[in-house]
Amino acid sequence: MGSNIKKPDRKPFYVYLVIVIIAMLLINMLLLPLFTSRQYQEVDYGTFLDMVDEKAISTVEVKNDYIYFESKQGVYYRVVAMDDANLVSELHEAGCRFSQVDTSSSPLETVFFGWILPLLIFYGLGVLISRAMLRRMGGGSGIGGNPMMSFGKSNAKVYVPSTTSIKFSDVAGEEEAKQLLQELVDYLKNPKKYADIGAQCPKGALLVGPPGTGKTLLAKAVAGEANVPFFSIAGSEFVEMFVGMGASKVRDLFEQAEKNAPCIVFIDEIDTIGKKRDGANAIGGNDEREQTLNQLLTEMDGFDGSKGVIILAATNRPEVLDPALLRPGRFDRRIPVELPDLQGRIDILKVHARKVKIADNIDFAAIAKMAAGASGAELANIVNEAALRAVREGRRFVIQQDLQESIEVVIAGYQKKSRVLSTKEKLIVSYHEIGHAMVAAYQSNSAPVQKITIIPRTSGALGYTLQVEEDEKFLLSKEELLNKIATLTGGRCAEELIFNSITTGASNDIEQATKIARAMITQYGMDDQFGMVQLSTQNNIYLGGDTTNACAPETAKTIDDIVVKVVQAQHDKAKKILSEHKDKLHELAKFLYEHETITGEEFMKVLNSPTDPQFQTEN
Ligand code: ADP
Ligand code: MG
Ligand code: ZN
């Protein structure tokens, strides 16, 4: 089916090629003899004038921008013509025959210079550019330098699996992601086991995380573990100069994948084609991208899931993706690939240290601590930079000093781009997150804390306190909502208490706290003054649930006042809790600062143990 749709795309291209070749042959037969029959010797204008003066020239012809002349010895010369008003009289004086050749009457030449030559040049350039692009796409990927075969029509490449391929063990940390991907590996290894029982394996999974965290590496590792071919293409490669090429590339890709099943199809930077489709950019909008996306959706729906083709995609901007891509049967699995925590960074450094000659007394933990917030790619770069430094210093292996120095080079370079935390920031974020967690823990109704981390998350928040309810709750009491607000203010409270100054880190907390407080009054009828009256309407509960006021302007003002009062009261409550347990706040913040990520259990253990005397404060 697919193949007879494809041909029209390519045919004109070959026809064009044949025409160009015929044109070249014609030129060779008809025109070139005119130019090549005589060998002209190039001279400069001065020499030409001297020869004229010496009367050494027999004939002169002016043609186009050149003066062709023959010496009395019978040698042919050529010189670039100049704007010389005296030339005619001088030539006359010298007694040579001279004439101007009319070139405008030679249609073949006009056609050649005006039409065929430019075409040839453009064609040549086109070929060169596309070759260079192909080479660039091929570079930088490939499993362990395996032989790579480029499959004619599309740029998707198949990597022949070999024993040197990338395995999960090459990806340090990211245990959560690996665990989620393990199921896919198992499926690829024996699709039959799943087919027999009638289980549908997910068709696609989306790797989501900041740049350099190992998304591409993980996708390759899935292929390596399952020992299946790995087709990869970047989203940007679909969007081509020629309309319709993107869509046909998608078709090719899936056709090849189905032939080679079981296999992995990996679409990197899927956000470049998978952006939300909207009417807004219809003016000069990217029809091509939209067509490509539609084709991708069609192919994903169309192919037979039981054949063992798994589509992985990676993005660092999941929020811009078209919701259609995330529907069941498409990329319905989302695999977070987060920045590594301290242990993760140590492991990544060790993985990369295996590739260089390194002293055996290296303190990786010290290096990892200095690089809080660095991504896997940055850590890999640090090791490489250290190796380069070792070479510069004339050493045969890397020492601690090299790593320490290179960390500064690499991190300083990245500091503005990525979210590497300074020591001070790390400390503030530690107190902030512990503030949230403690307020939650001391309020009987709040859910226990599951995991606290100061590593920046994909969501953009610096730290993140995961609060997973014991049972998923659909009904929340007024009490619970108020406690939630208190918990949200806890982060800022801790900053106030310890640093006596506040930071911008709480903006998301403030937004959420305000939302809850407002909803309590306008949606849930939880305010005594208004009672059970709906004061706002929800626009679309599926799209973030924005609300609009449905009340008189004066009422809106009263609501604002109550919201302020509610949040203020909870803020005070949180502050009271934290100042009563300041010693625990110090102890836990230090604990988090050192570990970067702690579990809820660890948190509760420290919280419930007698306070370490070093943290005991006056109150
Ligand atoms: P992404 O696709 O998420 O931007 P990549 O997978 O391209 O990141 O990672 C770039 C490089 O960084 C990898 O080739 C690898 O050398 C290194 N790297 C990133 N994360 C890890 C990790 N978890 N373990 C080991 N190396 C990593
Ligand atoms: Mg990548
Ligand atoms: Zn917060």
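Atoms within each ligand, like the ligands themselves, are counted from 1 in listed order.
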Q: Specify the protein heavy atom at minimum distance from atom 2 (O) of ligand 1: its residue, its atom name, and the distance to 0.1 Å.
A: Thr216 OG1, 2.6 Å
Q: For atom 21 (C) of ligand 1, tell me which residue out of Leu339, Leu217, Leu218 has the closest non-hydrogen atom.
A: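 Considering heavy atoms of Leu339, Leu217, Leu218, the nearest to atom 21 (C) of ligand 1 sits in Leu217.
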Q: Indicate the ring-plane relationship of Phe499 and Tyr431, choosing parallel, tilted or perpendicular according to the 30° and 60° boundaries.
A: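 The rings of Phe499 and Tyr431 stand perpendicular, inter-plane angle above 60°.
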Q: Is Val171 touching ligand 1 with its side chain, its backbone, both, or neither, if touching means heavy atoms under 4.0 Å apart?
A: both
Q: Report the C-alpha distance between Asn227 and Lys189 in whole Å, list the side-chain angles of each, state the deciding distance to 0.1 Å, and finish with yes or no for side chain to side chain donor-acceptor pair (under 3.5 Å).
A: CA-CA 8 Å; Asn227 208 27; Lys189 273 185 175 162; over 6 Å; no
Q: Rounded to the nearest 0.5 Å, how far apart are CG of Leu325 and CZ of Phe331?
A: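 CZ of Phe331 is found 6.0 Å from CG of Leu325.
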Q: For atom 12 (O) of ligand 1, find the nearest protein heavy atom and state the residue, atom name and distance (0.1 Å precision).
A: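 It is Ala377 CA, 3.1 Å.
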Q: If the plane angle is over 60° it's perpendicular, under 30° parallel, otherwise tilted; pick one for Phe591 and His595.
A: tilted
Q: Identify, by atom number and element, the atoms of ligand 1 in contact range of Pro211, meaning under 4.0 Å from any of its heavy atoms.
A: 4 (O)
Q: What atoms of ligand 1 come within less than 4.0 Å of a heavy atom belonging to Gly214?
A: 1 (P), 3 (O), 5 (P), 6 (O), 8 (O), 9 (O), 19 (C), 20 (N)
Q: Going by the order shown, which atoms of ligand 1 are within less than 4.0 Å of some heavy atom of Asp170?
A: 24 (N), 25 (C)
Q: Which of the N/O/S atoms in Asp509 sits closest to the Zn ion (ligand 3)?
A: OD2
Q: Checking side-chain polar atoms at under 3.5 Å, does Gln568 have a donor or acceptor matched by the opposite partner on Lys565?
A: no
Q: Please check if the number of heavy atoms outside Glu393 that lie under 6.0 Å from its CD is greater than 12.
A: yes
Q: Looking only at N, O or S atoms, which one in His432 sits nearest to the Zn ion (ligand 3)?
A: NE2
Q: At less than 4.0 angstrom from any non-hydrogen atom of Ala172, what atoms of ligand 1 do you find?
A: 22 (C), 23 (N), 24 (N), 25 (C)
Q: What is the distance from atom CD1 of Ile310 to atom NZ of Lys203, rounded to the nearest 0.5 Å?
A: 11.5 Å
Q: How long is the straight-line distance from CD of Glu225 back to CD1 of Ile264, given to the nearest 0.5 Å?
A: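 Rounded to the nearest 0.5 Å, the CD1-CD separation comes to 11.0 Å.
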Q: What about Lys355: any of its N or O atoms under 3.5 Å from an N or O on ligand 1?
A: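 By distance alone, the answer is no.
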Q: Using the rule side-chain hydrogen bond (donor to acceptor under 3.5 Å, both in side chains), only one of Arg492, Lys576, Glu496 pairs with His571; which is it?
A: Glu496
Q: In terms of residue, atom name and distance, what is the protein heavy atom nearest to atom 26 (N) of ligand 1?
A: His352 NE2, 2.8 Å
Q: With the Zn ion (ligand 3) as the point of reference, which N/O/S atom of His436 is the closest?
A: NE2
Q: How about Glu299 and Gln295: does a side-chain donor come under 3.5 Å of a side-chain acceptor?
A: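 Yes, a side-chain donor-acceptor pair sits under 3.5 Å.
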Q: Does an N or O from Lys215, backbone or side chain, lie closer than 3.5 Å to an N or O of ligand 1?
A: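 Right, the criterion is met.
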Q: Quick one: nearest non-hydrogen protein atom to atom 4 (O) of ligand 1, plus distance?
A: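 Nearest neighbour among protein heavy atoms for atom 4 (O) of ligand 1, to 0.1 Å: Gly212 N, 2.7 Å.
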Q: Tell me, which protein residue and heavy-atom name are nearest atom 18 (N) of ligand 1, and how many Å apart are they?
A: Gly376 C, 3.7 Å
